[in-house]
K.L.:
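Below: one structure in structure tokens.
Ligands are counted one by one from 1 in listed order, and the atoms in each one are counted from 1 as well.
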Amino acid sequence: MSTGAAGPSGLGAPPADDPDGSPAPRAGVPARPAPAGHLADLRRLAIATLDANWEHDHTVPSRTLYPHQWSWDSAFIAIGLAHVRPDRAWRELRTLFAAQWADGRVPHIVFNPTLRVGSYFPGPEFWGSAGAEGAPAAATSGIVQPPVHAQAAWLVHRRAPSEASAQALRWLYPRLVAQQRYLTGRRDVGGAGLAAIVHPWESGLDNSPAWDAPMAAVPADAAVMRAYRRHDTAHADAAHRPTDLDYARYVAIVASYRDSRYTDQALAGWHPFLVECPLFNAALGAAEQALARIAAVVGADPGPHRDRAARITEAVVRRLYDPVTGTFHPRDLRTDRLVPARTVLGLMPLILPDLPGRQVRAVLTEACSARFGLAPRMPRPLPTHDRSAPDFEPLRYWRGPSWMNTNWLLWRGLRAHHRPDLAAGLRQSMLALVATGGCHEYFHPDTAAGLGSAAFSWTASLLLDTLAEG
Ligand code: DGY
């Protein structure tokens, strides 16, 4: 990526998503809050980025790195579009849910059929969804991503309620319910009411240190990757991406699921990666809270959603909270143990409005510790991994860099739990991050130098929401 993409000055067009590699981190760049005049510039940059990434009925996360439609990206994108292009916000969600499988799963990628073969790895030919029972006509992947869509639909409606938005909710509601039913039914591998993820990509935090232990048990050889052409490293610095060994394992896990035609039957008996993730399951619970609100608009009964939300929160606390570390951890269902890594995933249950006080206090203590640095005045948003951990890597994807979406989720959680002081500090740091680095995909957690894609849609859309709700 070009360093010239950083910062909102000289706005009008979004930075080109230049495939030349990310800038070197600029050590010593002081953190500065965005001056008031720059807020309008930031807003313009965000809108231009989203407009440039709009692709006839959906938004690509990035023209270069991610040229198809991604599931949780679309939810975050809709939240931002609601502020500026509400029709597109609904279109985004409708296009995604039009590719929902008969069993209720919402695929993590919907492939754009007009792109040439080989325009992404792994592409539709690798996923082979056409052969699977209940797959839609469109080519998709067979895995899912965190279910943040009900919350997105609710926020889009709440932004500008109208007959058209109520109509959109009526169309989406049964589909969102089916998504929840799939996750709490077929994916309840642990039998405790939580959803298991079957691939690190389902967490959205692909190469988080949280997955190192469960991934180590997946047999793979990095040399396997010689048979494939990775797409990400053709567009971004390989030192900022998952390793070839990670990818060999990603491919092996997809192959296991695909070769069983994406069935979820008796997963514990044969699938190599099965984990209960705190972010994924917090999103699952928050989705039931959002569905309760949506139900009231569409004339359905909110009661069962509230009951399910309470059960999910209770299970998240019982299964994933460790009183010894005072934070949440993923549970590896292959060993029935909590994964020891302390990552940003452990803070995400704060998005549950009914999280008990004890866990709220524990998460705030963890977030405000030197590991993550949350404070009423803070130079930078939270990194994705514990800064004091020996495997903290400030440049490598989800192993340290700061991302807008995890910070945005935390910001929402802080507001839900009545911490306006911390929410204000975090918001300011998020604005300063994009003011310094531009609408990049992720950022060096100290310098805010932009990494990955230089024109990343959810950075733009969550920036719009952060700007609007200050
Ligand atoms: C994928 O290929 O979907 C990965 O999540 C990209 O990060």
K.L.:
Considering only non-hydrogen protein atoms, determine which one is nearest to atom 3 (O) of ligand 1 and report residue, atom name and distance to 0.1 Å.
P.N.:
His108 NE2, 2.5 Å
K.L.:
With backbone taken as N, CA, C and O and side chain as the heavy atoms from C-beta onward, which portion of Tyr397 lies under 4.0 Å from ligand 1: side chain, backbone, both, or neither?
P.N.:
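Side chain only; the backbone of Tyr397 stays clear of ligand 1.
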K.L.:
Quick one: which of Tyr247, Tyr120, Trp201 has a heavy atom closest to atom 2 (O) of ligand 1?
P.N.:
Tyr120
K.L.:
Would Arg88 and Trp90 count as a cation-pi pair here, with the cationic atom under 6.0 angstrom from the ring centre and within 45° of the axis?
P.N.:
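Geometry flag: not set, cation outside 6.0 Å or 45°.
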K.L.:
Could you check atom 5 (O) of ligand 1 against the protein and tell me its nearest heavy-atom contact, residue, atom and distance included?
P.N.:
Asp206 OD2, 3.1 Å
K.L.:
Answer yes when Asp332 and Arg337 have at least one side-chain N-carboxylate O distance shorter than 4.0 Å, and no when they do not.
P.N.:
no
K.L.:
What orientation do His231 and His235 show, parallel under 30°, tilted 30 to 60°, or perpendicular over 60°?
P.N.:
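His231 vs His235 ring planes: tilted.
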K.L.:
Tell me, please, whether Phe126 has Arg258 positioned over its six-membered ring: NZ or CZ under 6.0 Å from the ring centre and within 45 degrees of its axis?
P.N.:
yes
K.L.:
In terms of the angle between their ring planes, are His68 and Trp70 parallel, tilted or perpendicular, with boundaries placed at 30° and 60°?
P.N.:
tilted
K.L.:
Residue-level breakdown please: for Ile109 versus ligand 1, do any non-hydrogen atoms fall below 4.0 Å on the side chain, on the backbone, on both, or on neither?
P.N.:
side chain
